[in-house]
Protein chains: 2
Amino acid sequence: MCTTAEENYLKAIFKLSYEQKNGVTTSSLAEHLATKASSVTDMVQKLADKELVNYIKYQGVTLTPKGEKIAIQLIRKHRLWELFLFQNLGFKWDEIHEIAEELEHIKSDLLVERLDQFLNYPLKDPHGDPIPDQEGNFPKNNSIPLSRLNTGTKGIVVGVNDKSSSFLIYLVKIGIQLGTEIEILEWHEFDHSVDVRINALTLIHLSYQSAQNILMSEKST
Amino acid sequence: MCTTAEENYLKAIFKLSYEQKNGVTTSSLAEHLATKASSVTDMVQKLADKELVNYIKYQGVTLTPKGEKIAIQLIRKHRLWELFLFQNLGFKWDEIHEIAEELEHIKSDLLVERLDQFLNYPLKDPHGDPIPDQEGNFPKNNSIPLSRLNTGTKGIVVGVNDKSSSFLIYLVKIGIQLGTEIEILEWHEFDHSVDVRINALTLIHLSYQSAQNILMSEKST
DNA sequence: TAATATATTTAGACACATCTAAATATATAT
DNA sequence: ATATATATTTAGATGTGTCTAAATATATTA
């Protein structure tokens, strides 16, 4: 059984594994978890003792199958709770992450399965992220960032990469949510920004950074 | 803000206050929390520093208004989550307490209010216990223990005093749940046990201890 | 009331998770 | 390749919540 702190480390290692393919560094973990490198070293050694991570001094960590399983279950719980908060309790897009960070640590396998059933075995959370099943398999995610759509194409917003409140609040403010239709009007060479039409109506201008963080359905017209 | 351990102490003090009117003793708290008297002394001193309890050495503790408010909010959260688990996720009577013990520590006032709304502002939890409102007021509880019903009267089961799994499992086994109708047939002088009829059908025999722990609606016929 | 039993508190220790500061290893630049 | 900069680890300390053992206070009994 893991403590909340241990679980948070496993989740962080899982997430950073995608950005830094060959082993997650101590300093990147420290930054991600808003803690000090020395604390990370301590914890990582403890996780290695428990055989949840592979750790070689000065060379970073990777998850063992055992550690990865726990990390994926945490992501599953997090995303199921997020959906519950959004769909059933009427929370806003930018309010759900923080509460789900706490709820994901509740220890009951039965609870997760019942919640999954209650939500009707959803495939995606309110940010468009795939929800792994009981065995830890992720449903295929066929979305692409808006920044890779060509001029003239249309698509539906199915998720975001950046889940920070500030970005989500910005999106809501300019009228973009899950399900919003966006048409690419014109790319600007000099800063890769783009003009788009929202829901066949409003014209707005998006920075390249925004465009990279908005995920669109692949089957665009 | 309180830690989980501190919250559990406040809740325990609140509960024991009803049994021991003039101050909760160190040893009773230690027993209730399955810990040692010395640990209780430590924690109680810390809670006194935070002005959540009144504490006089060797004389026990009482809650301050501030401490009581937190305790009641915890009970509110616990009972709302129990109802959610029972009603919406299909958990059994005896499975909900343990999970709610974890859920009650999730820190979000908005979450509690949204859950309350989602459950349609319920007055009682699945054990028949009253759910305090946002201000901490308990709805009136007009139930009495089965042990105080007279021969010939009928009543509806509206709750239990003992919420242990073993008792709840026993009740389900003999056919008693929330809403069950029970008719008092005959009291036995020598051990205060009682013969009853369940749902106008099954005859069973209840010990005095069981009778004390089953709560009935007052308006019996 | 004095002697004994019980309850409570204090003192000192430990595991957890964190920190700062110092030591050591790896990476980079001249 | 050597010097310097950066990353990482170790050592030692802190706060939380717990424990055991010893000291002290309260309650009970003769």
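A, B, ... follow the sequence lines: proteins, then strands. Residue 1 opens every chain.
At whole-Å resolution of the value, CD1 in Ile56(A) and P in dT8(D) are 14 Å apart. Remark: C1' of dA15(C) and CE of Met43(A) are 12 Å apart, rounded to the nearest angstrom. Distance Glu6(A) CD to dT18(C) C1': 14 Å, rounded to the nearest Å. The interatomic distance linking Glu7(A) (CD) with dC16(C) (P) rounds to 15 Å, in whole Å. Rounded to an integer number of Å, the gap from OH of Tyr9(A) to C1' of dC16(C) is 12 Å. Following rounding to the nearest Å, Asp42(B) (CG) and dA11(C) (P) show an atom-to-atom distance of 11 Å. Between the P atom of dA7(D) and the CD atom of Glu31(A) lies a distance of 11 Å, rounded to the nearest Å. Whole-Å rounding puts the Leu47(B) CG to dT16(D) P distance at 12 Å.
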Each nucleotide N or O in nucleotides 22-26 of chain C that has a protein N or O under 3.5 Å away: list the pair and distance.
{"unit_1": "dA25(C)", "atom_1": "O4'", "unit_2": "Tyr58(A)", "atom_2": "OH", "d": "3.3"}

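Centroid-to-centroid, the aromatic rings of His127(B) and His97(B) stay 6.0 Å apart or farther.
One distance of note links SG of Cys2(B) with NE2 of His105(B); it measures 10.5 Å at 0.5 Å rounding. Interatomic distance, CG of Asp162(A) versus OH of Tyr170(A), reported as 12.0 Å (0.5 Å rounding).
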Could you pull out every donor-acceptor pair under 3.5 Å between side chains of residues 27-39 of chain B and any protein atom, sequence neighbours left out?
{"unit_1": "Ser28(B)", "atom_1": "OG", "unit_2": "Gln20(B)", "atom_2": "OE1", "d": "3.4"}
{"unit_1": "Ser28(B)", "atom_1": "OG", "unit_2": "Gln20(B)", "atom_2": "NE2", "d": "3.2"}
{"unit_1": "Ser28(B)", "atom_1": "OG", "unit_2": "Thr25(B)", "atom_2": "N", "d": "3.4"}
{"unit_1": "Ser28(B)", "atom_1": "OG", "unit_2": "Thr25(B)", "atom_2": "O", "d": "2.9"}
{"unit_1": "Ser28(B)", "atom_1": "OG", "unit_2": "Thr25(B)", "atom_2": "OG1", "d": "2.8"}

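Between Asp129(A) and Arg79(A), the closest heavy-atom pair is CB-CZ, 3.5 Å.
For the pair Thr26(B) and dT9(C), the criterion of a side-chain N or O lying under 4.0 Å from OP1 or OP2 is met. Applying the 4.0 Å criterion to OP1 and OP2 of dT9(C), one finds that Tyr55(B) has a side-chain N or O inside that range.
The residue Thr41(B) sits close to a base: some heavy atom pair falls under 4.0 Å.
Within residues 32-40 of chain A, the residues that have a heavy atom under 4.0 Å from DNA chain C are, in order of number, Thr35(A), Lys36(A), Ser38(A), Ser39(A).
No side-chain N or O of His192(B) forms a donor-acceptor pair with one of Ser147(B) less than 3.5 Å apart.
Just one residue in the list Glu113(A), Glu104(A), Glu135(A) forms a salt bridge (Lys or Arg N to Asp or Glu O under 4.0 Å) with Arg76(A), and that residue is Glu113(A).
By the 30° and 60° cut-offs, the orientation of the rings of Phe118(B) relative to Phe84(A) is perpendicular.
More than 12 heavy atoms of other shown residues, nucleotides or ligands fall within 6.0 angstrom of atom CG in Asp191(A).
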